[in-house]
2 protein chains.
Amino acid sequence: MEQESKELRKAGLKVTHPRMRILQLFEEGGVRHLTAEDIYRRMLDNQEDIGLATVYRVLTQFEAAGIVVKHNFEGGQAVYELDRGEHHDHMIDVDSGKVIEFFSEEIERLQNDIADKHGYVIEGHSLVLYVRSKGGRRG
Amino acid sequence: MEQESKELRKAGLKVTHPRMRILQLFEEGGVRHLTAEDIYRRMLDNQEDIGLATVYRVLTQFEAAGIVVKHNFEGGQAVYELDRGEHHDHMIDVDSGKVIEFFSEEIERLQNDIADKHGYVIEGHSLVLYVRSKGGRRG
DNA sequence: CTTGATGCAAATAGTTTGCACTATA
DNA sequence: TATAGTGCAAACTATTTGCATCAAG
């Protein structure tokens, strides 16, 4: 509560009900990767009267403020997660939809080398592995 | 012409005017990465009476047939390119929109290692570097 | 000639925006 | 209490689909 309002103020955002609720949802640690719809539904379930448009607006502001990171995985909806500072990439289990995070210093280095070799500097990157469990496809 | 109709038939697709025109556009080698809109506009410019819905349908069929690969880069529109068999990843110049292709065996290997270590097998992956020219941002 | 393919318009999905109203600083 | 924030509905963008018509085999 204290923590969250401080974070919002630090980002230059008024401490409003929707912003607090959404930030808390991310910080309470349950699920890490949420779509706007996910958040909207959870707000509804919690009797919070927050509109979907507000969810989108808040997420956009959070992203701009570096509170949250947006990912455009396959499947239409954008996915948001708290920005914990430590960059990582994602693996998505195509059967269950589960999102696994990983980080490879070597891959990061290789990416930089490649960009450099072409005369570029990396501004951002997106690496997503769509995977399937070795055990067996269904469950 | 011969080449294209053979390719369509091989994919089990009737050799129709829209399909031929779109396939030819990809094979004539000018631009490699095209959105549905890009294709639709070029058809209009060439006095071809092909609807946007048809462009989408043909692209979907081409993708299913492995004639074309679809990429979901940032920026809304999906981008399609001819499937030349040789897998590669992409670098996008954020200033000019230019798409540069690259391939790194090492990155591919590392990706497989990582997936493997987590008990998964890679079904597909997407790696895009958003880059900026070292020379200077504008031009 | 038969059925898959097409063009058009309407439908959809995800997200954004205009506007009158509400709540924070 | 002034202004940024909100909810709602309408707008928008990218893509898909229904349907009557057309054309490839």
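If you're wondering where the values come from, they're calculated on a predicted model, not measured in any experiment. Proteins get letters first, then strands, A, B, ... in listed order; numbering begins at 1 in each.
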**Report entry** Phosphate OP1/OP2 of dT15(C): any Tyr56(A) side-chain N/O under 4.0 Å
**Finding:** yes
Query raised in the report: Would Leu34(A) end up clustered with Met43(A) when hydrophobic side chains under 4.5 Å apart are linked, directly or stepwise?
Result: yes
Query raised in the report: Can a salt bridge be assigned to the pair Arg41(B) and Glu37(B) using a cut-off of 4.0 Å between side-chain N and carboxylate O?
Result: yes
Query raised in the report: Do Leu13(A) and Leu23(A) belong to the same hydrophobic cluster, where Ile, Leu, Val, Met, Phe, Trp and Tyr are linked whenever their side-chain heavy atoms lie under 4.5 Å apart, directly or via other members?
Result: yes
Requested in this report: State plainly whether the residues Arg84(A) and Glu101(A) are in salt-bridge range, i.e. N to O under 4.0 Å.
Outcome: yes
**Report entry** Positions of residues 3-25 of chain A (non-hydrogen atom under 4.0 Å from DNA chain D), listed by number
**Finding:** Lys14(A), Thr16(A), Pro18(A), Arg19(A)
Query raised in the report: Which residue, Asp49(A) or Arg57(B), contacts DNA chain D at a nucleotide closer to its 5' end, judged by nearest heavy atom?
Result: Asp49(A)
Report task. Identify the 5'-most and 3'-most nucleotides of DNA chain D with at least one atom closer than 4.0 Å to a non-hydrogen atom of chain B. Result -> dA14(D) to dG25(D)
Which pairs of donor and acceptor atoms, one on a side chain in residues 66-78 of chain A, lie under 3.5 Å apart (sequence neighbours left out)?
residue, atom, partner, partner atom, Å
His71(A), NE2, Glu81(A), OE2, 2.7

Query raised in the report: Do Asp113(A) and Asp116(A) come close enough that some side-chain heavy atom pair is under 4.5 Å?
Result: no
Could you pull out every donor-acceptor pair under 3.5 Å between side chains of residues 49-65 of chain A and any protein atom, sequence neighbours left out?
residue, atom, partner, partner atom, Å
Thr60(A), OG1, Tyr56(A), O, 2.8
Gln61(A), OE1, Arg19(A), NH1, 2.8

Query raised in the report: Cluster question for you: counting only ILVMFWY and a side-chain heavy-atom cut-off of under 4.5 Å, with indirect links fine, are Tyr80(A) and Val99(A) together?
Result: no
Report summary line: Heavy-atom nearest pair, Val131(A) first then Met91(A), reads CG1-CG, 3.5 Å
Query raised in the report: Which residues in residues 59-78 of chain B have at least one heavy atom lying under 4.0 Å from any atom of DNA chain C?
Result: none
Query - Terminal axis angle for the helix from dC1(C)-dG25(D) to dA25(C)-dT1(D), five pairs an end, nearest 10 degrees - result: 30°
